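A quick write-up on the structure given underneath.
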Amino acid sequence: YNKDKNMPDELWKAISNRTGHHRSMDNSNHNNLEILKKMHELWSSGNVDELITYIDDDLEGVHYGDSRVSFLGNFIGKQGVLKWIEDYAREIEHITPPLMSDYAGVGNVVYHQYSAKVKINKTGRELDLISINKFTFNDMGKVVKMQFSGNTHEIVQAFENNF
């Protein structure tokens with residue numbers, strides 16, 4: 001459990017003494033969970049220029065799965081993220097708006113679930129895309145690691161060997 005900034009200190013002390021949870025929600029000038037939500041707003045609105053300001057120059061990213069699909073595999077730094085976004089947008093059309101949900105964060109790590117009904121542009125096949133994503137932030141509130149995992153086997157099948 002994390003202390004809400006509006007929670008009275010005496011209540012937090014009683015809870016933390018009983019449960020052993022002593023971590024404050026925001027012990028810095030940023031809140032990584034809120035930063036990630038802001039990044040998702042920027043992504044969904046197409047504001048890539050501002051989105052990229054939240055990415056560390058040395059970011060290490062991976063979208064697990066068969067690297068024959070252009071947006072699956074490893075990517076590095078801001079340029080890698082830009083190429084990943086470009087590849088993703090070229091290969092997939094959203095039928096439903098992406099839903100980012102089930103955010104959970106502790107320390108510098110934030111997880112969330114991504115889900116959307118999508119169409120593979122090369123084949124016209126539709127599928128429900130679901131992934132659990134992990135973002136790791138540095139102490140400056142910049143993303144240093146991005147890891148995406150999900151039903152990538154279904155993505156590969158939807159490409160029907162059109163690589």
Side-chain angles (χ1 to χ4, degrees), residues 2 23 25-28 30-163:
N2 294 322
R23 178 158 173 61
M25 179 189 280
D26 189 9
N27 57 4
S28 65
H30 61 274
N31 180 315
N32 296 327
L33 193 143
E34 293 305 318
I35 291 171
L36 184 57
K37 288 181 179 181
K38 173 69 175 173
M39 290 172 65
H40 287 150
E41 289 173 19
L42 294 169
W43 182 69
S44 66
S45 69
N47 192 343
V48 175
D49 291 337
E50 188 176 347
L51 169 71
I52 210 74
T53 66
Y54 292 96
I55 303 297
D56 187 78
D57 292 337
D58 298 320
L59 171 130
E60 296 176 20
V62 61
H63 194 151
Y64 295 107
D66 189 326
S67 62
R68 292 178 298 167
V69 176
S70 66
F71 63 87
L72 299 180
N74 296 310
F75 49 97
I76 303 294
K78 291 180 180 182
Q79 291 304 314
V81 171
L82 290 171
K83 181 171 181 341
W84 178 82
I85 290 170
E86 180 183 295
D87 290 347
Y88 187 88
R90 183 182 62 252
E91 301 285 9
I92 288 184
E93 176 185 334
H94 283 97
I95 297 169
T96 63
L99 175 63
M100 311 299 185
S101 63
D102 300 325
Y103 288 89
V106 63
N108 285 347
V109 176
V110 180
Y111 290 89
H112 79 95
Q113 179 175 306
Y114 166 98
S115 59
K117 181 135 186 115
V118 299
K119 179 176 83 172
I120 304 299
N121 289 328
K122 288 183 179 179
T123 64
R125 293 206 37 207
E126 297 178 3
L127 69 132
D128 292 317
L129 183 57
I130 300 169
S131 66
I132 302 298
N133 304 325
K134 177 183 177 184
F135 288 73
T136 304
F137 291 81
N138 65 18
D139 291 336
M140 303 301 293
K142 301 260 186 178
V143 178
V144 293
K145 288 188 179 181
M146 298 169 73
Q147 296 169 285
F148 303 101
S149 59
N151 59 335
T152 57
H153 179 72
E154 293 178 35
I155 294 171
V156 173
Q157 287 181 324
F159 270 84
E160 297 175 338
N161 296 319
N162 284 295
F163 299 106

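What's counted below: heavy atoms across the whole structure, side chains too, no hydrogens, waters or symmetry copies. Positions are given from 1 along the sequence. Note that the coordinates shown come from a computational prediction; the quantities given were computed from them, not determined experimentally.
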- prompt: What's the verdict on side chain to side chain contact (heavy atoms under 4.5 Å, CB included) for Leu36 and Met100, showing C-alpha distance, side-chain angles and the deciding distance?
  reply: CA-CA 10 Å; Leu36 184 57; Met100 311 299 185; over 6 Å; no
Side chains of [X] and [Y]: does their closest heavy-atom pair fall under 4.5 Å?
X      : Y      : answer
His63  : Met146 : no
Ile92  : Val118 : yes
Asn121 : Glu91  : no
Trp43  : Pro98  : yes
Lys142 : Phe137 : no

task: Could you tell me which residues satisfy ring pair (Phe, Tyr, Trp, His ring centres under 6.0 Å) with Tyr64, sequence neighbours excluded, listed by chain and number?
output: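 In terms of ring pair (Phe, Tyr, Trp, His ring centres under 6.0 Å), with neighbours along the sequence ignored, Tyr64 is linked to no residue.
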- request: Check ring pair (Phe, Tyr, Trp, His ring centres under 6.0 Å) between Tyr54 and all other residues, then give those that pass, not counting sequence neighbours.
  value: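 Checked Tyr54 against ring pair (Phe, Tyr, Trp, His ring centres under 6.0 Å); zero matches.
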Indicate the atoms forming the closest heavy-atom contact of [X] with [Y], along with that distance.
X      : Y      : value
Tyr114 : Asn133 : CB-ND2, 3.5 Å
Pro97  : Ala116 : O-CB, 4.3 Å
Ser70  : Arg90  : OG-NH2, 3.3 Å

- request: Please lay out, stage by stage, how Leu129 and Asn151 fare under the test side chain to side chain contact (heavy atoms under 4.5 Å, CB included).
  value: CA-CA 7 Å; Leu129 183 57; Asn151 59 335; 3.5 Å; yes
[atom1]/[X] to [atom2]/[Y] distance, rounded to the nearest 0.5 angstrom?
X      : Y      : atom1 : atom2 : value
Leu33  : Ile35  : CG    : CD1   : 9.5 Å
Ile132 : Ser115 : CD1   : OG    : 9.0 Å
Thr152 : Gln157 : OG1   : CD    : 10.5 Å
Asn32  : Thr136 : CG    : OG1   : 9.5 Å

task: Could you note down all residue pairs passing salt bridge (charged side-chain N to carboxylate O under 4.0 Å, His left out) where residues 63-77 supplies at least one of them, sequence neighbours left out?
output: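 Matches after skipping sequence neighbours: Asp66-Arg68.
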- prompt: Looking at Glu93 and Lys119, does any basic side-chain N land under 4.0 Å from a carboxylate oxygen?
  reply: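 A salt bridge links Glu93 with Lys119.
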query: What's the verdict on side chain to side chain contact (heavy atoms under 4.5 Å, CB included) for Glu34 and Tyr103, showing C-alpha distance, side-chain angles and the deciding distance?
result: CA-CA 10 Å; Glu34 293 305 318; Tyr103 288 89; over 6 Å; no
message: I'd like to know if the side chain of Gln113 pairs up with that of Ser131 as donor and acceptor (distance under 3.5 Å, no hydrogens or angles considered).
response: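 Their side chains do not contain a donor-acceptor pair, so the 3.5 Å distance test is not met.
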- request: With Leu42 as reference, evaluate Leu51, Ile52, Thr53 under the side chain to side chain contact (heavy atoms under 4.5 Å, CB included) test and give the passing residue.
  value: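 Testing each of Leu51, Ile52, Thr53 against Leu42, the sole residue satisfying side chain to side chain contact (heavy atoms under 4.5 Å, CB included) is Leu51.
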task: Please test Val143 against Lys145 for side chain to side chain contact (heavy atoms under 4.5 Å, CB included), starting from the C-alpha separation and ending with a verdict.
output: CA-CA 6 Å; Val143 178; Lys145 288 188 179 181; 5.8 Å; no
Non-neighbouring partners of Ala158 that pass side-chain contact (heavy atoms from CB on, under 4.5 Å), sequence neighbours left out: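 So Ala158 forms a side-chain contact (heavy atoms from CB on, under 4.5 Å) with Ile120, Arg125, Leu127.
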message: Parallel, tilted or perpendicular, judged at 30° and 60°: which one describes the rings of Tyr88 and His94?
response: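 Tilted: the ring planes of Tyr88 and His94 meet at 30° to 60°.
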field: Phe135 and Phe148 aromatic ring geometry - parallel, tilted or perpendicular at 30°/60° bounds
entry: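 It falls in the perpendicular class, over 60°.
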task: In sequence, state the C-alpha distance, the side-chain angles, and the governing distance for Asn138 and Asn108, and then conclude on side-chain hydrogen bond (donor to acceptor under 3.5 Å, both in side chains).
output: CA-CA 7 Å; Asn138 65 18; Asn108 285 347; over 6 Å; no
Quick one: side chains of residues 72-83, donor-acceptor pairs under 3.5 Å with protein atoms, not counting sequence neighbours, listed by atom name and distance.
unit_1: Lys78; atom_1: NZ; unit_2: Asp57; atom_2: OD1; d: 3.4
unit_1: Lys83; atom_1: NZ; unit_2: Asp87; atom_2: OD1; d: 3.3
unit_1: Lys83; atom_1: NZ; unit_2: Asp87; atom_2: OD2; d: 2.7

- prompt: Listed by chain and number, what are the side-chain hydrogen bond (donor to acceptor under 3.5 Å, both in side chains) partners of Glu41, not counting sequence neighbours?
  reply: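 Glu41 satisfies side-chain hydrogen bond (donor to acceptor under 3.5 Å, both in side chains) with no residue once adjacent residues are dropped.
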